[in-house]
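Written out below as structure tokens is the structure these notes cover.
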2 protein chains.
Amino acid sequence: MVKCSEEEVRVANVSMRDVAALAEVSHGTVSHFLNHPDRVSAKTAQRIQRAIETLGFVPNQAGRQLRMGKSATIAYIAPDVSNPFFATIAEGAEERAAEHGLSVFVANSRRQRAREDAYLDLFEQHRVRGMLVASHEPIEDRLALVRKRGTPSVLMGQVAVSEDQPSVSIDDVLGGRLAAEHLLQLGRRRIAFVGGPLGVRQVADRLQGASDAIRESGSATLEVVNVVERTVAGGRAVARELLARAAAVRPDGVFAVNDLLGLGMMQVLSSEGVRVPDDLALIGYDDIEFAESSIVPLSSIRPPHEAFGYAAIELLVTELSGRTEDPHQVFPPALVPRTSTTGEPIHTDV
Amino acid sequence: MVKCSEEEVRVANVSMRDVAALAEVSHGTVSHFLNHPDRVSAKTAQRIQRAIETLGFVPNQAGRQLRMGKSATIAYIAPDVSNPFFATIAEGAEERAAEHGLSVFVANSRRQRAREDAYLDLFEQHRVRGMLVASHEPIEDRLALVRKRGTPSVLMGQVAVSEDQPSVSIDDVLGGRLAAEHLLQLGRRRIAFVGGPLGVRQVADRLQGASDAIRESGSATLEVVNVVERTVAGGRAVARELLARAAAVRPDGVFAVNDLLGLGMMQVLSSEGVRVPDDLALIGYDDIEFAESSIVPLSSIRPPHEAFGYAAIELLVTELSGRTEDPHQVFPPALVPRTSTTGEPIHTDV
DNA sequence: CTGAAAGCGCTAACAA
DNA sequence: TTGTTAGCGCTTTCAG
């Protein structure tokens with residue numbers, strides 16, 4: 001594969017055989033040099049090294065993988081890469097994976113089940129070592145199938161039903177409760193839950209927690225404002241709907257199912273003269289980095305971020321190594337009160 | 001590789017040969033069925049299809065790639081996945097890549113040159129079809145090497161020096177000028193440029209544009225506040241430094257080299273009672289989604305987002321197909337004035 | 001310490 | 001229409 005002119009020796013598609021030829025050894029020896037350098041004599045090693053450099057040899061993973069049967073890659077399928085929440089998780093996962101000598105490839109499903117499936121296929125075909133799958137869809141059966149064929153995975157963001165399916169998740173029922181109790185404690189009585197679709201597990205759980213808290217209080221009402229897109233734009237749209245109502249029938253406390261929605265609402269409410277939190281207290285969920293720098297700093301429910309990705313990798317590695325611990329890790333979220341509910345200006349002393 | 005019990009037929013590592021055996025055809029025929037279905041008779045096709053399903057066969061990309069020499073994957077190496085700017089670019093790239101039947105894997109270099117190199121290696125070893133590389137480092141020589149060995153790339157965010165290296169970039173000098181001129185027009189005279197390191201091309205260009213505009217005005221001064229981390233936390237730190245100064249020697253206009261910095265500054269300034277823009281006008285760069293929902297909506301310089309990723313893929317595909325057009329695309333950024341400079345509340349009528 | 005050889009799963013040219 | 005075959009680049013066992 002090597003065309004050897006005088007000056008220009010580096011050429012595409014250099015294989016171990018080419019290196020071997022130039023170094024005047026067999027290609028098996030080159031492989032030894034690469035994988036067990038100790039089994040090769042110093043001077044042969046040197047010759048091989050020089051040949052590699054001269055030719056610009058880059059080992060072909062496909063060959064290696066084919067021979068070895070497995071790759072050293074982990075796939076992370078996220079519903080929305082532009083949501084900083086998932087990006088931060090990715091960073092935690094990557095870091096831990098690197099410590100295990102594994103690389104992480106990130107794929108963006110854009111919340112579409114079809115794209116999730118496509119990536120699941122793709123990564124399965126690539127024989128990745130394992131997958132981290134953050135999804136808002138019911139995807140466990142699919143993962144069971146993939147697992148049966150040899151690719152393990154960790155479900156992220158929802159507790160798996162099956163014992164065989166490891167998962168890392170947030171206690172979203174608790175999170176919803178924390179948000180609602182916070183609003184109640186501040187004296188809010190007409191509370192709205194903004195989020196949807198309710199078929200999404202995470203959404204349903206948060207609503208349930210909120211709903212429980214409000215029922216127990218006995219003194220407040222919960223309105224559900226269903227929403228299709230849990231994005232900043234979606235939040236703006238909801239706020240406009242609220243503004244179209246007479247002030248008396250607007251909620252005085254809003255729990256947005258994620259920060260993106262909360263931030264979008266905040267934007268429109270503020271620009272239209274609604275005072276947050278005086279007229280309307282607002283709390284989000286996820287505690288993304290930008291919640292704190294919002295028009296009015298946004299109260300939120302904080303799940304672990306980096307730790308979440310970290311834990312997922314740990315679980316995956318555990319599974320890969322055959323050991324088996326508790327496969328369902330559930331993290332408790334924490335309330336982060338800020339101006340958008342408390343009215344108190346915050347001080348950032350970090 | 002298939003262990004065939006009565007009930008449990010699906011097993012890991014099913015190859016085309018296993019499928020062929022069960023369907024009682026040769027493995028070549030299975031390959032035909034997969035790649036040229038028309039060349040296979042209806043009933044054989046059916047038998048093969050059934051065998052595939054029974055066994056849960058998933059084709060092994062490593063084998064295919066080894067044979068074909070190339071994969072159908074594009075790599076996108078980004079400096080910071082949690083910066084929504086890069087995430088949005090990724091979405092544009094993905095979309096266009098899908099239209100060409102290509103998949104995109106995203107890797108996060110976390111602004112570390114060592115990690116960039118590691119991923120470059122990794123993807124080269126995987127023989128990806130091409131790479132999109134967004135970097136703040138001088139990386140062109142490295143990409144030239146990679147190209148010479150057969151993997152083309154598109155440099156994103158800085159104009160390539162070499163004719164052979166396609167690039168997609170923003171006119172950052174113009175962007176810097178727009179930001180500074182905007183502050184000047186609003187009557188600001190003690191202007192600070194917050195950003196760094198100056199060795200980073202994008203940073204240097206933005207500073208140059210700002211500096212040019214200010215020199216031309218003849219009536220304002222430009223102070224450079226160097227910064228190591230272009231993050232929200234970095235912005236907070238700078239703001240605290242500014243607050244430590246006597247009010248008279250604080251700048252009255254700040255151009256932050258990206259929105260993350262601007263948002264971090266805004267947070268601290270606001271919480272400490274500095275009025276934006278009355279006491280200090282603030283403009284960022286990148287126009288990320290959260291700029292608009294900031295404490296005070298943040299003015300920014302807007303590069304194209306999705307279009308950027310889209311253009312990069314186009315350029316890459318062009319190169320792959322051997323055609324050659326103008327390899328250096330430079331997009332002009334636009335000023336997006338918001339409350340943080342103009343003082344006017346914004347209305348969101350989208 | 002080095003070489004020879006087999007085979008991982010796949011595709012495609014060619015033969016039947 | 002289907003089967004046979006060679007070989008992509010690599011690792012590893014076994015001999016030398």
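In what follows, chains carry the letters A, B, and so on, assigned in the order in which the sequence lines appear, proteins first and then strands, with residues in each chain numbered from 1.
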Exercise. In whole Å, what is the span from the CZ atom of R127(A) to the C1' atom of dC8(C)?
Worked result: 11 Å

For this session: May I have the distance from Q65(B) (atom CD) to dC10(C) (atom C1'), rounded to whole angstrom?
Result: 11 Å

For this session: Could you tell me whether E95(B) and R110(A) have a side-chain N and a carboxylate O separated by less than 4.0 Å?
Result: yes

Exercise. When the distance from CD of Q125(A) to P of dC10(C) is rounded to whole Å, what number comes out?
Worked result: 10 Å

Exercise. In whole angstroms, how far is the C1' atom of dT11(C) from the CE atom of M16(B)?
Worked result: 8 Å

Exercise. Around atom CD of E24(A), are there more than 12 heavy atoms of other residues, nucleotides or ligands at under 6.0 Å?
Worked result: no

Exercise. Just checking F33(B): base, sugar-phosphate only, or nothing, at a heavy-atom cut-off of under 4.0 Å?
Worked result: nothing

Seminar exercise, completed: Among dT12(D), dC10(D), dG9(C), the one nearest any side-chain atom of S15(B) is dG9(C)

Exercise. Which comes earlier along DNA chain C counting from the 5' end, the contact point of M68(A) or that of L34(B), where each point is its nearest nucleotide?
Worked result: M68(A)

Seminar exercise, completed: I48(A) atom CD1 is separated from dC1(C) atom P, nearest whole Å, by 13 Å

Exercise. Hey, does the side chain of N35(A) come within less than 4.0 Å of dT11(D)'s phosphate (OP1/OP2), counting only N and O?
Worked result: yes

For this session: Please report, rounded to the nearest Å, how far the C1' atom of dT11(D) is from the CZ atom of R67(A).
Result: 5 Å

Exercise. Would you say H126(A) and T73(B) make side-chain contact, with heavy atoms under 4.5 Å?
Worked result: yes

For this session: Compare all side-chain heavy atoms of V25(A) with those of R47(A) and state whether any distance is below 4.5 angstrom.
Result: yes

Exercise. Between dT11(C), dC10(D), dT12(D), which one does the side chain of H36(A) approach most closely?
Worked result: dT12(D)

Exercise. Are R50(B) and E53(B) within salt-bridge range, i.e. N to O under 4.0 Å?
Worked result: no

For this session: Step through the shown structure and confirm whether more than 12 heavy atoms of other residues, nucleotides or ligands are within 6.0 Å of CG on D117(A).
Result: yes

Exercise. Is R127(A) close to Q61(B) at the side-chain level, that is, under 4.5 Å between some pair of heavy atoms?
Worked result: no

For this session: Measure the distance from CG on L66(B) to P on dA6(D) and round it to the nearest whole Å.
Result: 17 Å

Would you tabulate the pairs of protein nitrogen or oxygen atoms and nucleotide nitrogen or oxygen atoms of nucleotides 1-4 of chain D closer than 3.5 angstrom?
residue: dT2(D); atom: OP1; partner: S41(B); partner atom: OG; Å: 3.0
residue: dT2(D); atom: OP1; partner: T44(B); partner atom: OG1; Å: 2.4
residue: dT2(D); atom: OP2; partner: S41(B); partner atom: N; Å: 2.8
residue: dT2(D); atom: OP2; partner: S41(B); partner atom: OG; Å: 3.4
residue: dT2(D); atom: OP2; partner: T44(B); partner atom: OG1; Å: 2.9
residue: dG3(D); atom: OP2; partner: S26(B); partner atom: N; Å: 2.8
residue: dG3(D); atom: OP2; partner: T29(B); partner atom: OG1; Å: 2.6

For this session: Mind calculating the distance between CZ (R17(A)) and P (dG3(C)) to the nearest angstrom?
Result: 13 Å

For this session: Return no unless some side-chain N or O of R64(A) is found under 4.0 Å from OP1 or OP2 of dT11(D).
Result: yes

Exercise. Looking at dT11(C), dC10(C), dT11(D), which one has an atom nearest to any side-chain atom of S31(A)?
Worked result: dT11(D)

